[in-house]
Amino acid sequence: MSADWQPTACILCECNCGIVVQTSVQDGVRSLARIRGDKDNPASAGYTCNKALRLDHYQNNRARLTSPLRRRPDGSYEEIDWDTAITEIAAGFREIADTHGGDKIFYYGGGGQGNHLGGAYSGAFLKLIGSRYRSNALAQEKTGENWVDMQLYGGHTRGEFAHAEVSVFVGKNPWMSQSFPRARVVLNDIAKDPARSMIVIDPVVTDTAKMADFHLRLKPGADAWCLAALAAVLVQENLCDETFLAEHVHGADEVRTVLRSIPVGEYARRSGVDEELLRAAARRISAADSVAVFEDLGVQQAPNSTLCSYLNKLLWILTGSFAKRGGQHLHSSFAPLFSLSGVGRSPVTGAPVIAGLVPSNVVPQEILTDHPDRFRAMIVESANPAHSLADSEACRAAFESLELLVVIDVAMTETARLAHYVLPAASQFEKPEATFFNFEFPHNEFHLRHPLFEPLPGTLPEPEIWARLVRALGTVGDDDLRPLREAARQGRAAYTQAFFAELAVNPALGKALPYVLYETLGPTLPEGMAGAAALWGLAQKAVMTYPDAVRRAGHADGNALFDAILSSPSGVTFSVHEYADDWMLISHPDHKIALVIPEMLDEIRALEAARPGLTSPEFPIVLSAGERRAFTANDILRDPSWRKRDTDGALRVSVEDAEALGLVDGARARITTAAGSAEAVVEISETMQPGHAALPNGYGLDFIGDDGQVTVAGVAPNALTSTDWRDPYAGTPWHKHVPARIEAVPADLAMTSA
């Protein structure tokens, strides 16, 4: 065992908390033997939750792939060498691009919670073959919010919860899902401070709701009415910050006119929230010096999700909680997670392509058709859409129909089993890696993780995989790269000068920038760190975009920032903003918030004639398909033995529903929706209200145990969801609001089916 603690990061949620680990290699098995929080990490400062301690179940995974695989005609797979795999894959994509157009090649993924760096290299290959359309998990969650954000102020905001007087969580349980630094420490600080308040809007009595001063426990799917009523109270009781609105906001009067007509009492009744509690929460928001708001999947994957994004932002805009300590902030970004190209349309269904992402729910429809513009080929990188997208059966049928499907991953996932080729990637601890979830203000951090192990024999880091594919195309030659290779050997200053000079005279290099950096700068980096080369370009861009903030963080220029990133294995602060910088981060020319979004005002007006809920006599219960719990994580933890509790992924139901339906704690129940049916173990819980049930995320993955037997723990939630249930603006799925029927399974039948 290594005597030294080596810094790296947890990869199980967007926080990517810094950890330090001791490693061991015994009989060829590489293990993360001991894990604890990294006190030197500038964002997490030693904090971590229980999930990080289970990361060896990812690294030391018996399901790891160790050779490229090619599917035989009978559906089985054969191992092939890397040269054969790369040659055949590049030729296959080139043929499809030449015959049908590169825009028929669809890309999904690009990294999970912690491996964004590898995906950064995909762009070179995709651009060179003419691929235009892409999607990933963000299209299942954040595109509605992004659509609203871009119109309001042109960027993403994050609340400064560590200092907020009032913190509002909408469909969000940060005690379990984290999502901002040191979440549980911050929540405890809020709960203990009588001068601060927490407001939770959620139908479930979550761990966070139990700590809240105000729990607006609404009916499932009634968020829009509750949020509209809260905003209406601010207007109708004259609780808005008039000075802020006059100086910094366009369109406030038009929005207030719409909100004045809202019947607050009626909307409180429809949402199931006591009117006086709702009014008290709105008054607490208006009285606070600072308010921070966090929306998450509870509303982002439910009806009216885009409208809810707009309404919850009104709470802090109308009260002027922006550009101040503890408020809501725009922030720097080290790398863009979203495209700034605006809204387009998908080629077959005409679905909105927001932030460059095709809505995940339409992916099967974009393939399973005879439309001439259908997707004919697909590359999936570090993602498992056959399991994670709505209606798994439709996804499987779509992927099986593709002319070419290539999967890049560490394990044989549900999606990989449908692929023509599977390329084995090095694990996240066997290569330089990073996350681009850098959202904090005023200090923002970036963490380049150094490899803890050599890549497992037979595997390659994604940057090398993409580089080999680009080389196979033969588009960028050695003559194009020679000047930059020579400059890189002379040092950073020479490379910087040569890089921009070469781009000016050879625009073709711009199409393959990540590849160019990897091939020219990469070989000069420390051993094993070539994959970090793309960060050089991002460091230069960060300095150009946020010059003062980067210099406040101690970095004189892009080269100094890049070198700091390379030499700081626990992470580095790359920008330090002042609160006044918020105004300049608004992208509108006048740097004011544009409050009027006509479509959203129409939706607010339409609420009066609408009613919450999508259930029916056939499907009377709302199922939340994919609840986060203490022992749930993303799909990279395939080995179910990491779970010490809730090993079967229980179906949580209310006491009232259990009594009415004859459900017994620990027995089994059948859940049926319009999309499918499944059985689960029952957990009767007082946290659930009548008519509402929940299944956890991260279950339903198969795993081969030590005995060679395949086990599947729990229900795959997307066996029960439908691609037809989605937001009309962003196409985000309604995973948290699936109409369902639940029936007790007799003990003798349950034993047979189990």
Discussion item. For Thr319 and Asp241, which I'm curious about, is there any donor-acceptor pair between the side chains at under 3.5 Å?
Written reply: no

Item to complete: Enter the distance from Leu607:CG to Ile262:CD1 here, rounded to the nearest 0.5 Å.
Response: 7.0 Å

Item to complete: Please check if any side-chain donor atom of Asp38 sits under 3.5 Å from a side-chain acceptor atom of Ser570, or the reverse.
Response: yes

Discussion item. When you measure from the centre of the six-membered ring of Tyr699, is the NZ or CZ of Arg643 closer than 6.0 Å and no more than 45° off the axis?
Written reply: yes

Item to complete: For Tyr729 and Glu603, run side-chain hydrogen bond (donor to acceptor under 3.5 Å, both in side chains): C-alpha distance rounded to whole Å, both residues' side-chain angles, the deciding distance at 0.1 Å, then the answer.
Response: CA-CA 11 Å; Tyr729 292 94; Glu603 290 291 332; 2.8 Å; yes

Practice prompt. Tell me yes or no: between the side chains of His735 and Gln140, is some donor less than 3.5 Å from an acceptor?
Written response: yes

Item to complete: Measure from NZ or CZ of Lys324 to the centre of the six-membered ring of Tyr579 and say whether it is under 6.0 Å with the direction within 45° of the ring axis.
Response: no

Worksheet item: Any Lys/Arg nitrogen of Arg652 or Glu686 sitting under 4.0 Å from an Asp/Glu carboxylate oxygen of the other?
Response: no

Worksheet item: Between Asn312 and Val168, is any pair of side-chain heavy atoms under 4.5 Å apart?
Response: no

Worksheet item: Does the pair Asp149 and Tyr153 meet the rule for a side-chain contact (heavy atoms from CB on, under 4.5 Å), with working shown?
Response: CA-CA 6 Å; Asp149 281 341; Tyr153 29 70; 2.8 Å; yes

Discussion item. Side chains of His156 and His331 only: does a donor on one sit below 3.5 Å from an acceptor on the other?
Written reply: yes

Discussion item. Rounded at 0.5 Å granularity, tell me how far CD1 in Ile586 sits from NZ in Lys592.
Written reply: 10.0 Å

Discussion item. Could you tell me if Asp727 and Thr732 have a donor-acceptor pair between their side chains, going purely by distance under 3.5 Å?
Written reply: no

Worksheet item: Between Glu295 and Lys172, does at least one N-O distance fall below 4.0 Å, as a salt bridge requires?
Response: no

Worksheet item: Do other residues, nucleotides or ligands put more than 12 heavy atoms under 6.0 Å from Glu242 CD?
Response: yes

Worksheet entry | CG/Asp289: more than 12 non-hydrogen atoms of other groups inside 6.0 Å | no

Worksheet item: How about Ser44 and Asn41: does a side-chain donor come under 3.5 Å of a side-chain acceptor?
Response: yes

Worksheet item: Can a salt bridge be assigned to the pair Lys142 and Asp296 using a cut-off of 4.0 Å between side-chain N and carboxylate O?
Response: yes

Worksheet item: Where the side chain of Glu627 meets the backbone of Pro696, is there a donor-acceptor pair that is under 3.5 Å apart?
Response: no

Practice prompt. Show your reasoning for whether side-chain hydrogen bond (donor to acceptor under 3.5 Å, both in side chains) applies to Gln300 and Glu145.
Written response: CA-CA 8 Å; Gln300 291 174 338; Glu145 183 183 13; 3.0 Å; yes

Worksheet item: Would the Phe437 and Phe180 ring centres measure less than 6.0 Å apart?
Response: no

Practice prompt. Keeping the roles fixed (side chain from Arg184, backbone from Trp175), state whether a donor-acceptor pair exists under 3.5 Å.
Written response: yes

Worksheet item: In Å and rounded to the nearest 0.5 Å, what is the OG to CG distance from Ser179 to Asn173?
Response: 10.0 Å

Worksheet entry | Approximate separation, where rounding is to 0.5 Å, of Arg182 CZ and Leu187 CG | 12.0 Å

Fill in: Arg645 CZ: over 12 foreign heavy atoms closer than 6.0 Å
no

Worksheet item: Would you say the side-chain atoms of Asn304 pair up with the backbone N or O of Ala224, donor to acceptor, closer than 3.5 Å?
Response: no

Worksheet entry | Partner of Arg36 under side chain to side chain contact (heavy atoms under 4.5 Å, CB included), chosen from Leu53, Val21, Ile19, Val20 | Val20

Worksheet item: Has the side chain of Arg196 got a donor or acceptor atom that lies under 3.5 Å from a matching backbone atom of Ala191?
Response: no

Practice prompt. Starting at CH2 of Trp316, measure out to NE2 of His329 and round the result to the nearest 0.5 Å.
Written response: 9.5 Å

Worksheet item: Got a donor-acceptor contact below 3.5 angstrom from the Ser271 side chain to the Tyr267 backbone?
Response: yes

Worksheet entry | Charged N-O contact under 4.0 Å between Glu165 and Arg325 | no

Worksheet item: When the ring centroid of Tyr58 is compared with that of Trp642, is the distance short of 6.0 Å?
Response: no

Practice prompt. For the residue pair Phe334 and Phe436, categorise the inter-ring angle as parallel (less than 30°), tilted (30 to 60°) or perpendicular (more than 60°).
Written response: tilted

Discussion item. Check whether Glu275 reaches the backbone of Ala268 with its side chain - one donor and one acceptor, N or O, closer than 3.5 Å.
Written reply: no

Discussion item. Any side-chain to backbone donor/acceptor pair from Tyr546 onto Ser333? Under 3.5 Å, distance only.
Written reply: yes

